[in-house]
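Numbers here are sequence positions counted from 1.
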Amino acid sequence: QVHLVESGGGSVQAGGSLRLSCAASGYTYSSYCMGWFRQAPGKEREGVAAIDSDGSTSYADSVEGRFTISQDNAKNTLYLQMNSLKPEVTAMYYCAADRFRLGAMGWVPPFFVYNNWGQGAQVAVSS
């Protein structure tokens with residue numbers, strides 16, 4: 001049973017930064033893909049960034065250059081560093097994981113290919 005727990009959300013002013021964490025447990029995949037998603041009220045869940053077990057990364061165009069996805073294998077933790085935040089990125093942020101390689105399901109895999117999700121962390125950016 002894969003268990004994912006996000007933390008690090010909060011409120012920040014435009015231009016500020018936040019770092020989200022996702023603590024993972026319960027899986028022993030040798031190859032996997034993990035991703036960050038966000039969902040604003042009334043909108044579909046959209047992929048923000050993804051990372052392969054080999055460290056390869058990919059980003060949605062809207063966050064390229066401002067967000068950084070990373071992982072600490074020793075801590076089984078996924079991160080999303082978010083800089084230069086804008087009000088339009090206000091949303092619930094989720095991490096996800098599954099047993100496929102980055103690229104096999106697209107370079108920012110859509111939400112419906114992941115079977116394991118965290119409960120979400122709220123990010124609010126004020127102008």
Measure the spacing between [atom1] of [X] and [atom2] of [Y] and express it to the nearest 0.5 Å.
X     : Y     : atom1 : atom2 : result
Thr68 : Leu80 : OG1   : CG    : 8.0 Å
Arg19 : Tyr79 : CZ    : OH    : 5.0 Å
Phe67 : Leu85 : CZ    : CG    : 5.5 Å
Gln71 : Ser21 : CD    : OG    : 13.0 Å
Leu20 : Ser7  : CG    : OG    : 8.0 Å
Ile51 : Cys95 : CD1   : SG    : 12.5 Å

(request) Output all residues satisfying side-chain contact (heavy atoms from CB on, under 4.5 Å) with Ala97, sequence neighbours left out; order by chain, then residue number. (result)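 Partners of Ala97 by the side-chain contact (heavy atoms from CB on, under 4.5 Å) criterion, ordered by chain and then number, come out as Leu4, Met34.
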
Please give me the minimum heavy-atom distance between [X] and [Y], naming the atom from each residue.
X      : Y      : answer
Leu78  : Ser70  : CD1-O, 3.4 Å
Glu6   : Ala121 : CB-CB, 4.0 Å
Asn115 : Asp98  : N-OD2, 2.7 Å
Ser31  : Ser53  : CA-OG, 3.4 Å
Gly47  : Ala60  : O-CB, 3.5 Å
Ala14  : Ser127 : CB-CA, 4.3 Å

Close side-chain approach of [X] and [Y], heavy atoms under 4.5 Å:
X      : Y     : answer
Val125 : Lys86 : no
Ser17  : Met82 : no
Ser126 : Ser11 : no
Thr90  : Glu88 : no

(request) Show your working on side-chain contact (heavy atoms from CB on, under 4.5 Å) between Phe37 and Val108 and close with a plain yes or no. (result) CA-CA 10 Å; Phe37 289 77; Val108 181; 6.0 Å; no

(request) Please check if Tyr94 and Val89 belong to a single hydrophobic cluster, counting links between Ile, Leu, Val, Met, Phe, Trp and Tyr side chain heavy atoms closer than 4.5 Å. (result)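 Per the 4.5 Å side-chain linkage, Tyr94 and Val89 are not co-clustered.
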
(request) Give a yes or no on whether Val113 and Trp36 share a hydrophobic cluster (residues Ile, Leu, Val, Met, Phe, Trp, Tyr; joining criterion: side-chain heavy atoms under 4.5 Å apart). (result)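 They do not share one cluster, since no chain of ILVMFWY contacts under 4.5 Å joins Val113 to Trp36.
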
(request) Give a yes or no on whether the backbone of Ala91 and the side-chain of Gln122 come within a donor-acceptor separation of less than 3.5 Å. (result)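 Present.
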
(request) Provide the full list of salt bridge (Lys or Arg N to Asp or Glu O under 4.0 Å) pairs with a residue in residues 51-64, sequence neighbours left out, each pair given once. (result)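 Sorted result for residues 51-64: Asp52-Arg101, Asp54-Arg101.
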
(message) Strictly by salt bridge (Lys or Arg N to Asp or Glu O under 4.0 Å), give each pair with a member in residues 32-50 just once, sequence neighbours left out.
(response)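 Every salt bridge (Lys or Arg N to Asp or Glu O under 4.0 Å) pair that includes a residue of residues 32-50, provided the two are not neighbours, is Arg38-Glu46.
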
(request) Flag the pair Trp117 / Phe111 as yes when their ring centroid distance falls below 6.0 Å, and as no otherwise. (result)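 Here the rings of Phe111 and Trp117 have centres that are no less than 6.0 Å from each other.
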
(message) Check for me whether the distance between the ring centres of Phe100 and Tyr114 falls short of 6.0 Å.
(response)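 Yes, close enough.
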
(request) Kindly check if the number of other-residue, nucleotide or ligand heavy atoms within 6.0 Å of CD (Gln13) is above 12? (result)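 No, not enclosed.
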
(message) Would you say Thr77 and Asp72 are linked by a side-chain donor-acceptor pair, where the criterion is simply a distance under 3.5 Å?
(response)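 The answer is no; no qualifying pair exists.
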
